[in-house]
Amino acid sequence: LAPSEVLLPEHSERKQRVEDRAEALSDALADANLTSTPVRLYDEARGNQQALFSIGLLLGMVLVVVAIVGALGLFSTLTMNVLERRREIGVMRSVGAPTGSLLWTYLLEGILLGLLGWALGAALGGPAGQQLVGVLNARLIPLDYRLPGTALGLTLGLVLVVTLLASIGPALAAARMRIAEILRYS
């Protein structure tokens, strides 16, 4: 059972009393040749909770898809950068650049690209979210728009994790390149 469906005994008794009164009122109105449809607030609240859960689930799935697409885009961008900069990597290797410095160069590049994307998303996402809530207010259910600082911090952390994971492969490829391989294909 969902948490909203679990009722304590006293809530169950109250609900039954409300049901009984609603049925009696409906019968009395029917006897007077008046039609009515009683609205039970707990049914309406349950419907609102289900709608919000569905919207949250949908937005969560969109978040996962966006994270995967972003990670793949960053991965391909960094991979192309490594391939286009083979000669630069060869020059750095020939003058004695350690593997760690090459690794950190590409990891840092990926992290900076991720931070730039996060900043752009945060700047554009606030107004877009406000518009979405306005549409939901007008068509579905009343909502308040709030963007807590913890949400920005959470998304920043998520972006950094996804960015780091997407950057590891190209950074390792750049760090493992040897001078002989670079000269052979240049």
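Keep in mind it's a predicted model, so treat the numbers as computed, not measured.
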Report summary line: Rounded to the nearest 0.5 Å, the CG atom of L116 sits from the CG atom of L120 at a distance of 6.5 Å
Query raised in the report: How long is the span from the CZ atom in R93 to the CE atom in M177, to the nearest 0.5 Å?
Result: 10.0 Å
**Report entry** Cluster check I111, L156: I/L/V/M/F/W/Y, side chain < 4.5 angstrom
**Finding:** yes
Query raised in the report: Taking all atoms of both residues into account, what is the closest heavy-atom pair of A71 and V162, and its distance?
Result: CB-CG1, 3.6 Å
Query raised in the report: Just by distance, do the side chain of Y145 and the backbone of G126 share a donor-acceptor pair under 3.5 Å?
Result: yes
**Report entry** Flag side-chain contact, heavy atom, 4.5 Å: R139 against V135
**Finding:** yes
Report task. Could you tell me whether a side-chain N or O of T163 sits under 3.5 Å from a main-chain N or O of L160, the two making a donor and an acceptor? Result -> no
Query raised in the report: Hey, are E109 and R85 close enough for a salt bridge, meaning a charged N less than 4.0 Å from a carboxylate O?
Result: yes
Query - CE on M80 to CD on E84, rounded to 0.5 Å - result: 4.5 Å
Query raised in the report: So if you build clusters from Ile, Leu, Val, Met, Phe, Trp, Tyr with side-chain heavy-atom gaps below 4.5 Å, do I68 and L165 land together?
Result: no
Requested in this report: State the CG-CG distance between L63 and L58, to the nearest 0.5 angstrom.
Outcome: 11.5 Å
Report summary line: Rounded to the nearest 0.5 Å, the OG atom of S101 sits from the CG atom of L108 at a distance of 12.0 Å
Report task. For residues S167 and G110, report the shortest heavy-atom separation together with the two atoms involved. Result -> OG-CA, 3.4 Å
Query raised in the report: Quick one: are L102 and R176 in side-chain contact, heavy atoms under 4.5 Å?
Result: no
Query raised in the report: Is L52 reachable from V133 through a run of I, L, V, M, F, W or Y residues, each pair having side-chain heavy atoms under 4.5 Å apart?
Result: yes
Query raised in the report: So, do F75 and P170 sit near enough that their side-chain heavy atoms are less than 4.5 Å apart?
Result: yes
Requested in this report: Working to the nearest 0.5 Å, report the span between CG of L152 and CG of L147.
Outcome: 4.5 Å
Query raised in the report: Can you get from L136 to L59 by hopping between Ile, Leu, Val, Met, Phe, Trp and Tyr side chains that sit under 4.5 Å apart?
Result: yes
**Report entry** L115 and V159, any side-chain heavy atoms less than 4.5 Å apart
**Finding:** no
Report task. Please report the shortest heavy-atom distance between V82 and I89, naming the atom on each side. Result -> O-CD1, 4.0 Å
Query raised in the report: When hydrophobic residues are tied together by side-chain contacts of less than 4.5 Å, even through go-betweens, does L172 share a cluster with W104?
Result: yes
